Amino acid sequence: MCSGGGLFVAYTGTSPFCLLRLWDLIILMERLYWVRHRCLQLISTDRRRGWYSPPSSLPAKSSLDAQDPLVQRLTGKRRVVVSQCDPHQAEYHKIKESQQSCTRNKVQTTKYTFLSFIPKNLFEQLHRFANVYFVFLGALNFVPIVNAFQPEISIIPIVFVMSITAVKDLWEDQRRRKSDQKVNNRLCEVYDRKQKQYVERRWAEVCVGDLVRLCCNEIIPADMVLLHSSDPNGVCHIETANLDGETNLKQRQVVRDLPQQGSEFVPENYSSHIECENPNNDLRRFRGFMDHPGKVRVGLHSENLLLRSCTVRNTETVIGIVVYAGHETKAMQNNSGPRYKRSKLERRLNMDVLWCVILLLLMCLIAAVGHGFWLSGRQNPIYMIPDDTHPALAAFYMFWTMIIVLQVLIPISLYVSIEIVKLGQIYFIQNDLDLYNPVLDTGVQCRALNITEDLGQIQYLFSDKTGTLTENRMLFRRCIVAGTEYPHHENGQFTSQYVPQYPHCRTRTDLSLIFTVHVYFSMSLLLYYFIPCISYLLIFTQAAEISHILDFFLALTVCNTVVVSSPTQPRHMPVVRTPLRSLEEMKAMFQKLSLPRFPSSPSQNTDTPPSLTKKLFTRGRSASYFPNNSPQTPITTLQSPTAHSGTPSNTPTTPVTPALSNEAEELLYEAESPDEAALVQAAKAYGCTLLGRSPEQVLVAVPGTGPLSIPLLHVLPFHSARKRMSVVVRHPLTGEVVVYTKGADNVIMELAEAAEDGFCREIMERTQRHLDQYARDGLRTLCVAKKVLEEQEYKAWLKRHEYAETSIENREELLLESAERLETNLTLLGATGIVDRLQEEVPESIEALQEAGIKVWVLTGDKQETAINIAFACKLLRPTDHILMANCDSKETCEARLHELQHEIRQVTKEGMSEDDGSDCVLVIDGRTLDYALQKELQGSFLELTCCCRSVICCRSTPLQKSQVVRLVRDKLKVMTLAIGDGANDVSMIQMADVGIGISGQEGMQAVMSSDFAISRFKFLRKLILVHGHWCYTRLANMILYFFYKNVMYVNLLFWYQFFCGFSGSTMTNSWVLIFFNLLFTSVPPIIYGMLDKDVSGETLLDLPDLYKSGQNSQAYLPSTFWMNILDAFYQSLVCFFIPYFAYAGSDIGVFSFGSPINGSALLIILLHQLIESRTVTWIHTALLLFSALFYYAFVLLFSLTCVTCNSPTNPLGIETKMMSEPLYFLVCGLTTVLALLPRILCRAFRSTICPSDLVRAQKMERLSAQDYSTSLRQWKENKAAQRLSSRHVPQNLSVNADMPHLTECIAEAGAVLS
């Protein structure tokens, strides 16, 4: 038994001669490998491999020439920040006076002060046209020559409405004031130059240039550049949940090359200057540089900036210098308040308000002309006061008087009512338990308060795939190394049954985004193929394969931004022991293994190859990985590649439980994406374990060696334009500068083509074949590559890269160019296949949305094969669908292909297929072709083609292309669009659509923060759109129409009276009732109607998605519907006026007595009209209708009994009591109500019986018994299916792209994605 760390097993029967011979073979193999390596280096033209140079030969991180014109300071575009400590006092005050930027950190989000509230609030409210209109009428009524009634009464409506709005604004502002006070009074430690120590100060007193010290769990008071951290590696962790909603920790690092780095920070010794960009709202960008003493310039990035409102986590102490304070901080720059969009219904409403204005002007013009003719036909009548006013001038005055009298035609209370109704609708949406996710403890978030009704009119839905349709919880299934594929079927099935647990964060109460994607892999199969037997080491190519495998897993482990922590040590960075420097130490490792005698035949082998490789790769602390601390869980031996083709493996599948080191502990990986977490966990399962990370190094445990410290030189983060990320490290074994790159397979393959030789070409061809198969299986593919840099090559690149890092203007472009310059001539290492399962109920949801008439487009960055496979699995594609492929390499080819596909569809149309939503054609287009199709010349052809397709799948699309597609469809087709996604790459698409929905998934909260609505699962979209969207649109549309109806109906009563009073502007009712009729007596029932009315139940709407089409076609609020309501209002006003007129004709009743039955009848007609229009009548509706009627009669009776001079110069005392004491009053009111509502009742009965709509039929179905309902529902669906089939002929000869012969296989394999 050998001593030492790790696990060693002694084998009996091992011959010393065999061990000596084995050792000679190892030496021979190594010599052959290095000879081959040196030869390739000498004959290679790209010089991508080089020998190791000492670290001392690296260029110093010195500054660029400060006098270079390219880096000269641009006035007005930059700011200089210096410390307020003693050495900089003169310069600090000079900069403060010149820039005037050192404002205090006090924030004030309130809009008003005690003195400014009234004038400022009035000014804001007068920005609304309706308020200006009614203020103008109120002021006009104070003009004696045109006033219609008491001036004080005329201003009651506008004062009432504006007062409610002012109280609401004041309440909101008071809440903001209390919040500001709470924030400004928080305390932090700021260095005081007089006391020479840190003292507590309020946040409001912090200034730019102050040195601030924070402890763990403290909130950052201002935007600071990190100067010191208690972490020996200069790392600080922050939580940005208060800023962007993300709960996973972000890593920030101290500015490099600080003179005090690595020691205790002394403020008096800090003498560096900061020059950075002016304040902006970009949370993920910070550009600037720091000038150290000696003219050393270091670039500043977002990794050096601590943002206000974030929280320090897992770090004892940090010190930073404030660069942005108060309203200049990025948090305050992004504080723009709630999102505001104008809904389609609101735009229609504004148009109808204009029609009402035109109608009002027409009625006033008729009254003015009539008054002028009436005066001209009478010469000094005895009942008029003599006046010298010309009839034409009197008609002009009468025009303005009638504007005041008929002002109620414009519904002043409608806008307030709409806001109240929308708040009620949002309340019901957010409290729907069917949309609640108990796992994440989240429901629906309504972030846009004014577009709820747009959910009921969606025509196009644009969806991301990963994380939206799928779980975005990655399971590592297969990998390709050096062209050899290693499948993992059994373990893949085992992991698919595992549900990961979400541990609670140590410093937070909510769930942390810790991707514990547990991958159960045995390392035996993989190692069985790369070291199947020691005797195979004689084969020359095995050495290259070993190198590929080591680099492959090092790349998976290192090329990421994963933060490592453990339950006992948040920043996991164990003590590093001396790493292996060359293969010489690997020889010593082999000597420690007691290897068995080589048998003459496989049957004589006493130790199988898998067991041999286990002994090699289970040494050390990371030999295996057990989720949930369950080492008793067996890890099954994986199948061989022969098993993948159907041949059973001879390898025994006995459970293996490798021993763990006593010092092993569970590692927690916090990644920015599930892909990174899955790859790191997979590498960990194979023994390459990421143990810790710092800005300068990465600690990795590789099989048989223990922890290795890998110097981390540069990190080139992922960029959507590059579609890859890279790290530059110094290899721990060879000392070479190595670039590890991972990214999209098509991008990496293109970058590796230029570097391929004969051996690499064969690897690439085999890898590409496996990648195609992975895509057909629905796996997410990723390629891994490397590049070895010569020292001189690295120096040259580093010099230009430092210039890009220290640039302020165009830094992003320069860094992108620098990364692309480095990522060339790559050597392909391998590829990975990760499965991302569909979310539950996604197929049912997409099928329901398509039945509802919504065209579903999928915009994804995945390969075509992967997207098609997922599309089949989620029922976006059906087995009978015809897939039209568009893969073009040029604009001309794209144009020809689009015309060719249009011609094919036209040929199909001639055979009987209709060009509607029932089409069986689905377009699949790749990113390059989409670029050409989005150009102005081809947009028309592209849209014409997509309109003939049932669905469109855009593959390899970038975030910019996603937003361009949404904008093109929205603007050109004039349709309602909805975009849904879960990641930062979906933000532009979400913001571009009419309705944006974010999914709070595994990729942070960027999509949620930019969305109008947020849900946690795609399946919730079904009810949100089909049920709540339908209800919100129908309710609000009917309420708006009802408001127009009741206002026009009541105003016409005043208009008809003008024909009998000489168009004098007189009214037959007192001004109090006139003002309050629409403002109080009839305004509350419509609000409840807009919140609670249900034309069809939610269950029926889900069972019959076809009902959603009524909202798409705006059937509830068409122009014809609006004018029909206006005509009905005219008819009802005629009945309501002339029946009392003829009933009381010839009597001696007064004007107000004549108006009493008219007002009573109008109230009953308006209230009962709403009852007829309501589809749901509950006790709440009934109670409010009775309350409105009783409130009216109580008011007029009380007014009649007590008011003597309330309506000067008339006297309404006793009028209402006298009229209500007569039976004729009630007879007139009853007859008028019946005759006025009879046409609407008959029309509704006719439409419900003779030609019922789908909604009416559904309402009738709901009144059936459960058994009859099920029968009717089944018959309904059968009839709809028969109609769709009869409307098209399914052809069998539609051609598809010949490059996709495997599409038939996708149909059969799609079910695997669901497992």
Side-chain angles (χ1 to χ4, degrees), residues 240 243-246 280-285 330-347 422 426 429 444-455 457-469 719-721 812 854-861 927 930 934 939 952 954 957-1001 1003-1016 1018 1020-1021 1024-1025 1029:
T240 60
L243 197 61
D244 56 14
E246 296 186 23
N280 57 74
N281 62 352
D282 193 340
L283 295 173
R284 308 186 183 280
R285 188 192 75 183
K330 293 182 180 293
M332 297 303 298
Q333 293 278 329
N334 279 274
N335 187 14
S336 58
R339 296 168 53 82
Y340 182 83
K341 288 184 179 180
R342 291 180 59 195
S343 66
K344 181 178 180 181
L345 193 61
E346 184 180 351
R347 295 192 293 268
K422 288 185 177 181
I426 289 173
I429 292 176
V444 178
Q445 301 178 36
C446 299
R447 303 177 53 81
L449 306 181
N450 55 330
I451 59 171
T452 54
E453 65 273 21
D454 278 349
L455 289 172
Q457 298 181 277
I458 302 301
Q459 296 165 286
Y460 277 74
L461 188 148
F462 300 90
S463 174
D464 180 39
K465 183 186 74 67
T466 304
T468 304
L469 302 178
H719 193 279
S720 59
E812 285 72 23
I854 299 175
K855 284 196 172 184
V856 181
W857 290 28
V858 174
L859 312 179
T860 178
L930 188 60
L934 291 175
Q939 287 180 359
V952 177
C954 301
S957 55
T958 64
L960 179 60
Q961 287 177 331
K962 292 182 179 181
S963 62
Q964 289 175 339
V965 168
V966 174
R967 181 172 57 185
L968 177 66
V969 174
R970 183 198 65 188
D971 295 342
K972 298 295 184 180
L973 300 182
K974 306 299 181 182
V975 292
M976 289 293 296
T977 58
L978 181 147
I980 179 172
D982 73 316
N985 58 333
D986 303 317
V987 169
S988 57
M989 173 179 71
I990 290 173
Q991 293 178 337
M992 188 63 64
D994 295 295
V995 179
I997 296 184
I999 291 185
S1000 51
E1003 293 192 13
M1005 299 291 289
Q1006 297 96 325
V1008 171
M1009 301 294 288
S1010 303
S1011 64
D1012 304 312
F1013 301 89
I1015 56 179
S1016 57
F1018 184 86
F1020 296 147
L1021 185 65
L1024 181 64
I1025 291 180

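Only a predicted model underlies this, so the values are computations on that prediction, with no experimental measurement involved.
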Student: First locate atom CG of Asp464, then atom NZ of Lys962, and finally report the distance between them rounded to the nearest 0.5 Å.
Tutor: 4.0 Å
Student: How far apart are the closest heavy atoms of Ser988 and Pro959, and which atoms are they?
Tutor: OG-O, 3.1 Å
Student: Can you find a side-chain donor-acceptor pair between Asn280 and Lys330 that sits under 3.5 Å?
Tutor: yes
Student: Any chance you could measure Thr468, atom OG1, to Ile999, atom CD1, to the nearest 0.5 Å?
Tutor: 4.5 Å
Student: Can you see which heavy atom on Leu930 is nearest to which on Ser957, and at what distance?
Tutor: CD2-CB, 4.3 Å
Student: When rounded to the nearest 0.5 angstrom, what distance separates CG in Asp982 from NZ in Lys465?
Tutor: 10.5 Å
Student: Answer yes or no: is there a side-chain heavy-atom contact under 4.5 Å between Leu859 and Met989?
Tutor: yes
Student: Identify the heavy atoms of Leu934 and Gln939 that sit nearest to each other, and give their distance.
Tutor: O-NE2, 2.9 Å
Student: Within the 4.5 Å heavy-atom criterion, are Leu461 and Ile1025 side-chain neighbours or not?
Tutor: yes
Student: Any side-chain heavy atom of Ile997 sitting closer than 4.5 Å to one from Leu1024?
Tutor: yes
Student: How close do Gly998 and Ser1011 get, heavy atom to heavy atom, and via which atoms?
Tutor: N-CB, 3.3 Å
Student: Would you compute the distance between atom CG of Asp986 and atom CD1 of Ile980 and round it to the nearest 0.5 angstrom?
Tutor: 9.5 Å
Student: Test your reading of the model: is there a side-chain donor-acceptor pair from Thr977 to the backbone of Asp994, 3.5 Å cut-off?
Tutor: yes
Student: To the nearest 0.5 angstrom, please state how far the OG atom of Ser1010 sits from the CE atom of Met992.
Tutor: 12.5 Å
Student: Do the non-hydrogen side-chain atoms of Ile990 and Asp1012 ever get within less than 4.5 Å of each other?
Tutor: no
Student: Just so I know, are the side chains of Trp857 and Val965 near enough to count as touching, which here means a heavy-atom distance under 4.5 Å?
Tutor: yes
Student: Taking all heavy atoms of Gly981 and all of Ala1007, pick out the closest pair and write down the distance.
Tutor: O-CB, 3.7 Å
Student: When rounded to the nearest 0.5 angstrom, what is the spacing between CD1 in Ile429 and CZ in Phe1013?
Tutor: 6.0 Å
Student: Is the shortest side-chain N to carboxylate O distance from Lys422 to Glu453 below 4.0 Å?
Tutor: yes
Student: Is the backbone of Gly927 close enough, under 3.5 Å, to the side chain of Gln961 for a donor and an acceptor to pair up by distance?
Tutor: yes
